[in-house]
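Below: one structure, written as structure tokens.
All values below were derived from every heavy atom in this structure, side-chain atoms included, with hydrogens, water molecules and symmetry-related copies excluded. Just so you know, these numbers come straight off a predicted model, no measurement behind them. Chain naming here is simple, since letters A, B, ... match the order of the sequence lines and numbering starts at 1 in each.
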Amino acid sequence: MPAKHDATPDPPLNQERPAQGHQDFLREMVQQDLASGRIDNVVTRFPPEPNGYLHIGHAKSICLNFGIAREFGGRCNLRMDDTNPTKEDVEYVDSIIADVRWLIAGWADECLGLKPVGASPEKRDLGGHTDYYLPSMMAADSSGQALEPLYASDYFEPLYEYALELIRGGRAFVCDHSPEEVDLMRGAPDRPGQESAYRNRPVEESLDLFRRMRAGEFPDGAHTLRARIDMGNPNVWLRDPVLYRIRHASHHHTSDEWCIYPMYDFAHCLEDYIEGITHSICTLEFEVHRPLYDWILEALDLPRPLPRQREFARLNVTYTVMSKRKLLQLVQEGHVRGWDDPRMPTVSGMRRRGYPAQAIRAFCERIGVAKRENMVELSLLEHFVRDELNRRAPRAMAVLRPLRLVIENYPEGQTEEFETVNNPEDASMGTRRVPFSRELYIEQDDFREVPPPKYHRLSPGVEVRLRSAYLITCTDVVKDPQTGDVTEVRATYDPATRGGDAPDGRKVKSTIHWVSASHAVDAEVRLYDTLFTAENPDDVAEGRDFTATLNPGSLETLQGCKLEPSLGTAVPGATYQFERLGYFCADTEDSVAGAPVFNRTVRLKDAWAKIQKRQGTGRR
RNA sequence: UGGGGCGUAGCCAAGUGGUAAGGCAACGGGUUUUGGUCCCGUCAUUCCGGAGGUUCGAAUCCUUCCGCCCCAGCCA
């Protein structure tokens, strides 16, 4: 009876080292702020808009924000930045929560900042100022309360109050211009804009109009609330930007309570402030928004320390696209089977494919964080996936493209078992038994009737080792009379080599894997290649889009693969190394006991494939 | 060419005036019952985007030039 592998979908984590060595510019800033006394604790935040699934680029941001919180003993708030009801959906908030939790599990889960379900900012008096404050809580501090992520939409009331305050201070006004007019009047980067005709309307009038906007008296687009800054500023984001717009739309979290919604620039800095965020880390494209971020906070005369925005370069990875718009397009146009298709760079896709969270984290740590534009090679990510799985994944034998092998001198009907190690990297993972018999399957790639140069595997007259079993020598082949294809290989075994070692010390050049034909479990195996054939799918000819470089061979589904018996009951999500082939993960959607479905997570490195490539032969 | 950023190896990335870390990739070798893992070695010989300058000394400071990215949503 073959022993079952002791594989779990997400086994205990390896210890990861805390901050050491060099510091990036963000950690340096945090350190200085701590040293100077500007702040005495660190609170970061990860603020996705729930309008798509998280991807590897978000993973970088998560590792950064949670990593900093973790290193400085602070926390990182998970916040839904949901200020645009027309684009957001609860499906996305659910997936975001699951993805974040999975990614930080066992590493920074104690830094995850949440809030009690239903909590909203507390209005209080602080030194004569009205203040809104919603501190996050960590799960450990919740004393049993149910927690949920923070939502920007829970701050709509305070945000509205802050907007009123801006109007009273003459720093904002209600504008009646149409979107088209506002466009025309914005000017150009090298040409000043033109002031709104409503810019100097009385404060009371703006106040009244803004209240009526909220009350729903006007249709979409009839009015906006605008900051009163400077239409001549060379930074176009300071040219009286829109702060609020009217949107008669139902919101996934506040339903129909509001018909005016704050714009990102107005909302985000105040969301950060309300939560007591100390460092607001975002991507480079927001750098030009920073003066506006600071302007709004400073215009409000707020009693607590202000958050600081700093920007880093977003991640790009070769052979993939990263924008939510494009990922959504891949899903909607059916180029993939869903957001969690194992070919997708989404967190859920990578999880389903079998990428361990710690591999993704190790990758994010290794790529570092800086401000220069970058395109990281996929091979680096794959390196960390292999590195993690090599230590963790139990080995097993599986034949993907079966070729029948008959051991002519092995008694018909006889069966024996060999004990073999589950992981040569980790003796504690134990051993298992694999059954052997006269008829086996070997990999088609492991036999060549006429071996090319440097081919070490089986061919007529050549002796190889069947892993953990016997040395065998190929004696003959059987061919299909029609096609001439080899349909069966005949061989003899040396009974003295039981276990795989020859008593006379003779060596063989190759060890190949095998599965006993009568004991084999049939399986479907899905082989993945990059979704795109171009390193940069966005780099296509004029008039074409990134889908032009879609890889037609990104998914190859193999039926009738032959697995060793212990794999028949693989737990969905469990990852194995199929020896000599790669790492494979039992699919969490489609795999069932007795009819397993495996995804190839990543290939093993393959020196022979390189040789073949040089020779101009070989399989994709 | 208004404003804001960024240029260190094929790809990331340290370096913050004292003589160019590290990882991936690539290449060569050793070990090996996985052509895997592991180990050893090679990989920026005053070319750190270019040119000048300051200095005993410059990737680091100054000047100038070049290149790339971002910004004119009532998206985030």
Suppose you measure atom [atom1] in [N] against the same atom in [M]; what distance do you get, rounded to whole Å?
N	M	atom1	result
B/U54	B/A14	C1'	26 Å
B/C69	B/U19	P	36 Å
B/C6	B/G15	P	15 Å
B/G2	B/U55	C1'	37 Å
B/G41	B/C24	P	14 Å
B/U46	B/A58	C1'	11 Å
B/A21	B/G4	P	35 Å
B/A72	B/U8	C1'	35 Å

For [X], answer base if it contacts any base atom (sugar-phosphate contacts may also be present), sugar-phosphate if it contacts only those atoms, and nothing otherwise; contact means non-hydrogen atoms under 4.0 Å.
X	result
A/Tyr261	nothing
A/Arg186	sugar-phosphate
A/His383	sugar-phosphate
A/His289	base
A/Thr83	sugar-phosphate
A/Ser468	base
A/Glu443	nothing
A/Pro424	base
A/Val508	nothing
A/Gln577	base
A/Phe578	nothing
A/Lys324	nothing

How would you label the glycosidic angle of B/G67: syn (within 90° of 0) or anti? anti
Name the orientation class of the two ring planes belonging to [X] and [Y] (parallel below 30°, tilted from 30 to 60°, perpendicular beyond 60°).
X	Y	result
A/Phe418	A/Tyr470	perpendicular
A/Tyr244	A/Phe266	tilted
A/Phe436	A/Trp514	perpendicular
A/Tyr261	A/His251	parallel

Short side-chain to backbone donor-acceptor contact, A/Thr318 and A/Leu378, under 3.5 Å: yes
Checking A/His177 side chain against A/Val182 main chain: does a donor-acceptor pair fall under 3.5 Å? no
Carboxylate-amine/guanidinium proximity below 4.0 Å for A/Arg391 and A/Glu425: no
Check nucleotides 39-44 of chain B for protein N or O atoms closer than 3.5 Å to its own N or O atoms and list the pairs.
none

Quick one: closest heavy-atom pair of [X] and [Y], and the distance?
X	Y	answer
A/Pro48	A/Arg79	CD-O, 3.2 Å
A/Thr497	A/Leu471	OG1-N, 3.0 Å
A/Met397	A/Val515	O-CG2, 3.8 Å
A/Glu285	A/His289	O-CD2, 3.7 Å

Mark yes or no for a side-chain to base donor-acceptor pair under 3.5 Å between A/Arg395 and B/U34, with no hydrogen or angle criteria applied. yes
Check: B/U8 base within 3.5 Å donor-acceptor of A/Arg372 side chain: yes
Looking only at the side chains, is there a donor atom on one of A/Gln194 and A/Arg186 sitting less than 3.5 Å from an acceptor on the other? no
Assess whether side chain to side chain contact (heavy atoms under 4.5 Å, CB included) is satisfied between A/Asp445 and A/Trp608, documenting all intermediate values. CA-CA 11 Å; A/Asp445 276 351; A/Trp608 171 237; over 6 Å; no
Could you write out each protein N or O paired with an N or O of nucleotides 2-4 of chain B at a distance under 3.5 Å?
{"unit_1": "B/G2", "atom_1": "N2", "unit_2": "A/Pro234", "atom_2": "O", "d": "3.4"}
{"unit_1": "B/G2", "atom_1": "N3", "unit_2": "A/Pro189", "atom_2": "O", "d": "3.4"}

Under the rule of Watson-Crick or G-U wobble with both distances under 3.5 Å, where | means paired to another strand and [ ] a crossing pair, RNA chain B maps to .(((((((.[[[..)..(...]]].(((((.......)))))......[[[[[..)....]]]]])))))).....
Does [N] have its OP1 or OP2 closer than 4.0 Å to a side-chain nitrogen or oxygen of [X]?
X	N	result
A/Lys605	B/U37	yes
A/Arg603	B/G35	no
A/Arg580	B/G35	yes

Set of salt bridge (charged side-chain N to carboxylate O under 4.0 Å, His left out) partners for A/Asp606, sequence neighbours left out: none
Of A/Leu380 and A/Lys454, whose closest RNA chain B nucleotide lies nearer the 5' terminus? A/Leu380
Whichever of A/Asn390 and A/Asp501 has the more 5' nearest nucleotide on RNA chain B, that residue is A/Asp501
Does A/Arg310 make a cation-pi contact with A/Phe25, if we ask for NZ or CZ under 6.0 Å from the ring centre and within 45° of the axis? no
Let me know the distance between [atom1] of [X] and [atom2] of [N], rounded to the nearest Å.
X	N	atom1	atom2	answer
A/Lys507	B/U31	NZ	P	10 Å
A/Arg366	B/A14	CZ	P	11 Å
A/Asp445	B/U34	CG	P	18 Å

May I have all residue pairs that pass salt bridge (Lys or Arg N to Asp or Glu O under 4.0 Å) and include part of residues 463-473 of chain A, sequence neighbours excluded? A/Glu463-A/Arg506, A/Arg467-A/Glu579
What are the atom names and distances for every N/O pair under 3.5 Å that joins the protein to nucleotides 67-69 of chain B?
{"unit_1": "B/C69", "atom_1": "O4'", "unit_2": "A/Glu373", "atom_2": "OE1", "d": "3.1"}

Using a 4.5 Å cut-off on heavy atoms from C-beta on, say whether the side chain of A/Tyr583 contacts that of A/Val385. no
Stacking between B/A76 and A/Tyr264, yes or no? Criterion: centroid separation under 5.5 angstrom, plane angle under 30 degrees. no
